[in-house]
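When a ligand or atom number is given, it counts from 1 through the structure's own listing order. What you see is a predicted model; the values in this text were computed from it and never measured.
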Amino acid sequence: MVRTEVTRLSPYNSGLTIDEVMLRYAPARIAKLGSNENPLGPSPTLTAMMQAGAELFRLYPDPAGRELRQAIGARHEVGEDQVILGNGSEDLLSVISRAVLRPGDAIVTLYPSFPLHEDYATLMGATIKRVGVNSDLTINVDALIEAVRERPRMLLFSNPMNPVGSWLSAHDLSKVLDAVSDETLIVVDEAYAEYAEGDDYTSSLPVLGKRDRPWIVLRTFSKAFGLAGLRIGFGIVSDPELRGLLDRVRTPFNANGVAQAAALAALADEEHLAKVVALARTERARVENFLTSKGLEVAPSRGNFLFFNCRQNASTFVEGLLREGVIVKPWKQEGFDTYVRVSIGSPSENDHFMAALQQLL
Ligand SMILES: *Cc1c(COP(=O)(O)O)cnc(C)c1O
């Protein structure tokens, strides 16, 4: 009874939970570095919000998420009528695919890819056009431009890019976006933008804001804001009309009440966000130096994670780390099965990872 498109999907390669690793190896301690979670967690001001817990649990949430959308609009200098909330930004990937993609449509994405960028499109019967990274793991800008010139229905990629961590400079981003025709919906997934902002990275928002063609920028509270467990993300949409149409596709209460309240509190605490980002950058440099000093090839990263070549079957390698209580993610896509993605954790988690790796090498 199930549609052929469903049988084409692979199971999602989600990171192992702490309980699963405990059951398997019972290590003395665990560093969970497989899912890009935030070691400092959310703003401490959330504890106050949780006092109101019972009432938040009892009532249906505001289906429009008005207060949070206003706060997001103010922060990003867009109208609240351009903001859509999701049960995590992965929910919005699904909403966008269901709203836009018809069987046989093409979507262009980067490769190796965030699997959900492909899965919802596959489910809708679309064809995936993958643009592989250069041999030094940077984004192949020319190939990306060539691919969008074919006028796909959708261009969907993350910047910084997961799993590699590479990014497009403002200059390259403009070049790519300029090549997009008005038949293509641009979707830029900026799940890691908070970690990347500054240096030679800019969000696509100022560039896209000047275009009168359709675009969507996705953001999440799961990473730098530390709310992965609550499932809340958002999209900023080029115009209110498109947002309104997407709004009809989502389930009405997709952003739950606790998540909305927590996201509001998290947005208000800039100081905590700065602390999270500063720690991730310092620690990323430390772990990167360590990997490089061991002769391992590491992709330059603007995210809270590093992608490196362990030069052996990644699944076997990762099993060795698991025995030492370290959870990382073996990349299972074709051509990258000797690559591993490690999240940047707390200093002691990172020490734990480096010690385990040292032993394994
Ligand atoms: C982590 C991540 C997300 C966020 O997903 P949520 O559903 O918001 O938790 C989105 N896109 C990419 C590329 C990610 O790595």
Checking a contact table here: which protein heavy atom is nearest atom 8 (O) of ligand 1, and how many Å away? Thr220 OG1, 2.5 Å

Heavy-atom neighbours of Glu20 CD exceed 12 at 6.0 Å: yes

Tell me, please: is Phe221 in heavy-atom contact with ligand 1, that is, under 4.0 Å? no

Taking 4.0 angstrom as the limit, do Arg311 and Glu297 come out as a salt bridge? no

Short side-chain to backbone donor-acceptor contact, Asp189 and Ala191, under 3.5 Å: yes

Through direct or indirect side-chain contacts below 4.5 angstrom among Ile, Leu, Val, Met, Phe, Trp and Tyr, which residues connect to Leu23? none

For atom 2 (C) of ligand 1, which protein heavy atom lies nearest, and how many Å away is it? Lys223 NZ, 2.4 Å

Can you sort out the partners of Arg75 under side-chain contact (heavy atoms from CB on, under 4.5 Å), two or more places apart, ordered by chain and number? Phe225, Leu267, Glu270, Leu273

Are Tyr111 and His117 an aromatic pair by the rule of ring centers under 6.0 Å? no

So does Arg3 have more than 12 non-hydrogen atoms from other groups sitting under 6.0 Å from CZ? yes

Within the structure, does His117 bring an N/O atom to less than 3.5 angstrom of an N/O atom in ligand 1? no

Going by the closest heavy atom to atom 15 (O) of ligand 1, which one wins out of Leu227, Asn162, Asn304? Asn162

Main-chain N/O of Phe157 paired with Thr109 side-chain donor or acceptor, under 3.5 Å: no

Would you say Asn87 has any N or O atom under 3.5 Å from an N or O of ligand 1, going by distance alone? no

Counting from 1, what ligand 1 atoms have a heavy atom of Ala191 closer than 4.0 Å? 2 (C), 3 (C), 10 (C), 11 (N), 12 (C), 14 (C)

Any heavy atom of Ser89 sitting closer than 4.0 Å to ligand 1? yes

Under a 4.0 angstrom heavy-atom cut-off, which atoms of ligand 1 come close to Gly88? 6 (P), 7 (O), 8 (O)

Sub-3.5 Å N/O-N/O distance, Asp91 and ligand 1: no

Can you find an N or O of Arg231 that's nearer than 3.5 Å to an N or O of ligand 1? yes

So is Asp189 touching ligand 1 or not, going by heavy atoms under 4.0 Å? yes

Atom 9 (O) of ligand 1: nearest protein contact (heavy atom, Å): Ser222 OG, 2.6 Å

What I want to know is whether Glu90 and ligand 1 share at least one N or O pair that is separated by under 3.5 angstrom. yes

Please determine whether a side-chain nitrogen of the Lys or Arg among Glu194 and Arg219 lies less than 4.0 Å from a carboxylate oxygen of the Asp or Glu. yes

